[in-house]
Amino acid sequence: MQAAMDSMEKIVSLSKRRGFVFPSSEIYGGLNGFWDYGPLGVALKRNVKQAWWDDMIAHHDETAAETGAPSPFDMVGIDSALLLNPKVWEASGHLSGFSDPMVDCRETRARYRADQLVVFALVLETENGGRETITDVLFASPGEAGKSPQDELLAPHRKQLRRILKSRPGGDALSIEAIAGALEDESARARTLAPGATEPGTLTAPRAFNLMFKTYIGALEDSSSAAYLRPETAQGIFLNFKNVLDTARVRLPFGIGQVGKAFRNEINPRNFTFRSREFEQMEVEFFCRAADAEAWYVYWRDRRYRWYVDLGLRPENLALREHEDSELAHYAAACADVEYRFPFGQSELEGIANRTDFDLRQHMQASGKDLRYFDDQAGPDEERRYLPHVIEPSAGADRATLAFLCDAYTEDEVGGERRTVMKLHPRLAPVKVAVFPLVRKEGMPERALGIYRELRGKLDAAYDEKGAIGRRYRRQDEAGTPYCVTIDGRTLGDDTVTVRERDSCEQRRVGSGQLADYLAQCIGG
RNA sequence: GCGGGCGUCGUAUAAUGGUCAUUACCCUGGCUUCCCAAGCCAGAGACGUGGGUUCGACUCCCAUCGCCCGCUCCA
């Protein structure tokens, strides 16, 4: 564990030193939960997003079924606004509980409005006519104090009640006594049995869930102009489902992808960029027939896991974790997380969920607009108008970037010296090739500059002539540059250069005319 | 959000209620150098922020911000 934390510190330190990630607003003391990407970091993150966009959208072949896919399908992209009509968040469920204190049950994962949860004690009438209030266990039930009928409040706890009554002979008739303020009282909460829970003490203290950032549109700051920064990109896709359907000539099954910023006012940002208040998502909402949803869920789950492996994350650091039923959100039929073993623990990179038709149904109801799909391929006995079901692979761009950084970080030994090298996949590496003159004389810099300028038009290249050659190699190792080209004495004679490979430090001589093709082949794609 | 710990150049560090705040690496410029952080010369760079105590605060006190750990939270 100590070694693990050290490695996280090294990654944070290297990020700062080399310009991958900086604390946001650093000269003013930083801002908790916000981070800036430096020159290398922005290149890395852009490459992550580009790889996602290319693999999911731009390079998708809709004319043939991919490996494992039930059928061919279309993929298109959108870029929706950050601020949406506040009604969107009412319909999606993000706004409920925004202003009211909420209470969660850790066991059942249910969430209640604190003012709609009645906590009460049982009052038993004993044989000799006395009354006994049981205080060692309290009960919580949905309802309103003073209004909800006793039977309704007792209903969720029948089993427990029967047991209690049995252990108290004669204590047959019973009443209840509501306890005000019990949810705020830690010791009372510890004794309170939540609806559906098997043991007391699973309720959290009431608190407001201001997870959405609030702002105001226009000059007036009043409730009518309130708006929220989107806490996820998904809703922007659902809102445009009909637009895309009407304009993009797509048929089911098809997916709409979006990459963009989202904001959550997290109570407690932690672990470097892993949980930030401003972050970037890469999401697909994939629409299909209800009958096919399960097959598509499996397809997307497996495909998205493979994506990380293909980009170089070590499989031993990755896990695909299927959620238990108790873990599922109320609208989800299935959900799996792609998790990465970060130095601070195994945590989620991406969630793939079968969201059924929940989102479209919510928006259809709330907006009054018909969002059903007209299926002209449906058989005579089949429904022709229906709401598609949705598979949602939702990935965090910053989390993926952090995972690639962690996974790439390597320390090894070259010629007896310790070396830090970022073994980034060539597709993700900020710089693909660096060009060096071996020494700064005999026309080598001029020759190297010529080669650099030629390469620069084709791929991300860097030029460096400062310091000893070994130092320049090491600098590029820390940036994750997969190839270094060095111009030496032989270049001036036979027009060949050396190409040094990052991970092995091995060199090959390549004719300068073939260099661009050779590198393109090494890097691939 | 609660509890605990910690804030000195980019990184890692040293020292001190009182003169230009130490050292190494990194970084910048130059010299040298024909392949993996060599050497030489020169240079830049810090007491998180605000307030208080004091003749004088990087040092003591308070607040604040940030970071780390545990709990909590995680649509």
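Per chain, numbering begins at 1; letters A, B, ... match sequence-line order.
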| said: Which nucleotide wins on minimum distance to the side chain of V414(A), given the candidates rC27(B), rC36(B), rG30(B)? | reply: rC36(B)
| query | Heavy atoms under 4.0 Å, any strand shown: does T498(A) hit a base, just sugar-phosphate, or nothing? | reply | base
| message | Distance criterion of 3.5 Å, no angle test: do you see the side chain of E442(A) paired donor-to-acceptor with the base of rC34(B)? | response | yes
| task | Taking only the side-chain heavy atoms of Y473(A) (C-beta and beyond), determine which of rA75(B), rC36(B), rC69(B) contains the nearest atom. | result | rC36(B)
| Quick one: is the NZ or CZ of R500(A) closer than 6.0 Å to the six-membered ring centre of Y473(A), and within 45° of its axis? | yes
| query | Base, sugar-phosphate alone, or nothing: which one does R500(A) contact when heavy atoms must sit under 4.0 Å apart? | reply | base
| field | Options rC35(B), rC27(B), rC36(B), nucleotide nearest the side-chain atoms of L438(A) | value | rC35(B)
| Can you tell which of rA38(B), rC2(B), rA75(B) lies closest to the side chain of E232(A)? | rA75(B)
| message | Does R472(A) reach a base, just sugar-phosphate, or nothing at all? Heavy atoms under 4.0 Å. | response | nothing
| said: Among rG66(B), rC67(B), rG10(B), which nucleotide has an atom closest to any side-chain atom of W35(A)? | reply: rC67(B)
| task | Scan E478(A) against the nucleic acid and name what it touches under 4.0 Å (heavy atoms): base, sugar-phosphate only, or nothing. | result | base
| query | Is the base of rC74(B) touched by the side chain of R275(A) through a donor-acceptor pair closer than 3.5 angstrom? | reply | yes
| remark: A correct dot-bracket answer for RNA chain B, with pairs being Watson-Crick or G-U at under 3.5 Å, [ ] for crossing pairs and | for inter-strand pairs, is (((((((..(((.....[....))).(((((.......)))))....(((((..]....))))))))))))....
| field | Phosphate OP1/OP2 of rA38(B) contacted by R471(A) side-chain N/O (<4.0 Å) | value | yes
| field | Q476(A) CD to rC36(B) P, straight-line distance once rounded to whole Å | value | 17 Å
| request: Please determine, for the side chain of R264(A), which listed nucleotide (rG10(B), rC2(B), rC74(B)) has the closest atom? | output: rC74(B)
| Can you tell which of rU11(B), rA75(B), rA38(B) lies closest to the side chain of K16(A)? | rU11(B)
| Are F241(A) and F287(A) close enough that their ring centres sit under 6.0 Å apart? | yes
| query | Can a cation-pi geometry be assigned to R304(A) and W307(A), taking NZ or CZ under 6.0 Å from the six-membered ring centre and within 45° of the ring axis? | reply | yes
| field | ring-ring contact (aromatic ring centres under 6.0 Å, His included) between F22(A) and W35(A), worked out | value | CA-CA 6 Å; F22(A) 306 124; W35(A) 301 90; over 10 Å; no
| request: Could you tell me whether the phosphate oxygens of rA37(B), OP1 or OP2, come under 4.0 Å of any side-chain nitrogen or oxygen in R474(A)? | output: yes
Side-chain polar contacts of residues 388-407 of chain A - donor-acceptor pairs under 3.5 angstrom, sequence neighbours left out - could you list them?
| residue | atom | partner | partner atom | Å |
| --- | --- | --- | --- | --- |
| E392(A) | OE1 | R355(A) | NH1 | 3.4 |
| S394(A) | OG | E283(A) | OE2 | 2.6 |
| D398(A) | OD1 | Y37(A) | OH | 2.7 |
| D398(A) | OD1 | K45(A) | NZ | 3.0 |
| D398(A) | OD2 | E280(A) | N | 2.7 |
| R399(A) | NE | F274(A) | O | 3.0 |
| R399(A) | NH1 | E348(A) | O | 3.2 |
| T401(A) | OG1 | A397(A) | O | 2.7 |
| D407(A) | OD1 | N317(A) | ND2 | 2.8 |
| D407(A) | OD1 | Y340(A) | OH | 2.5 |
| D407(A) | OD2 | R314(A) | N | 2.8 |
| D407(A) | OD2 | R314(A) | NE | 3.4 |

| request: Among rC34(B), rG10(B), rG30(B), find the nucleotide with the atom closest to the side chain of R440(A). | output: rG30(B)
| message | I want to verify a distance call: between rC34(B), rG70(B), rA75(B), whose nearest atom is closest to the D488(A) side chain? | response | rC34(B)
| field | From rG66(B), rC34(B), rA38(B), nucleotide with atom closest to V439(A) side chain | value | rC34(B)
| query | Between N32(A) and rC67(B), does any side-chain N or O lie under 4.0 Å from OP1 or OP2? | reply | yes
| request: May I ask you to evaluate whether R502(A) reaches the phosphate of rC36(B), defined as a side-chain N or O under 4.0 Å from OP1 or OP2? | output: no
| said: Quick check on rC34(B): is either OP1 or OP2 less than 4.0 Å from any side-chain nitrogen or oxygen of K441(A)? | reply: yes
| request: Would you indicate what E348(A) reaches in the nucleic acid, counting non-hydrogen atoms under 4.0 angstrom: base, sugar-phosphate, or nothing? | output: nothing
| E478(A) and its salt bridge (Lys or Arg N to Asp or Glu O under 4.0 Å) partner, picked from R471(A), R502(A), R17(A), K423(A) | R17(A)
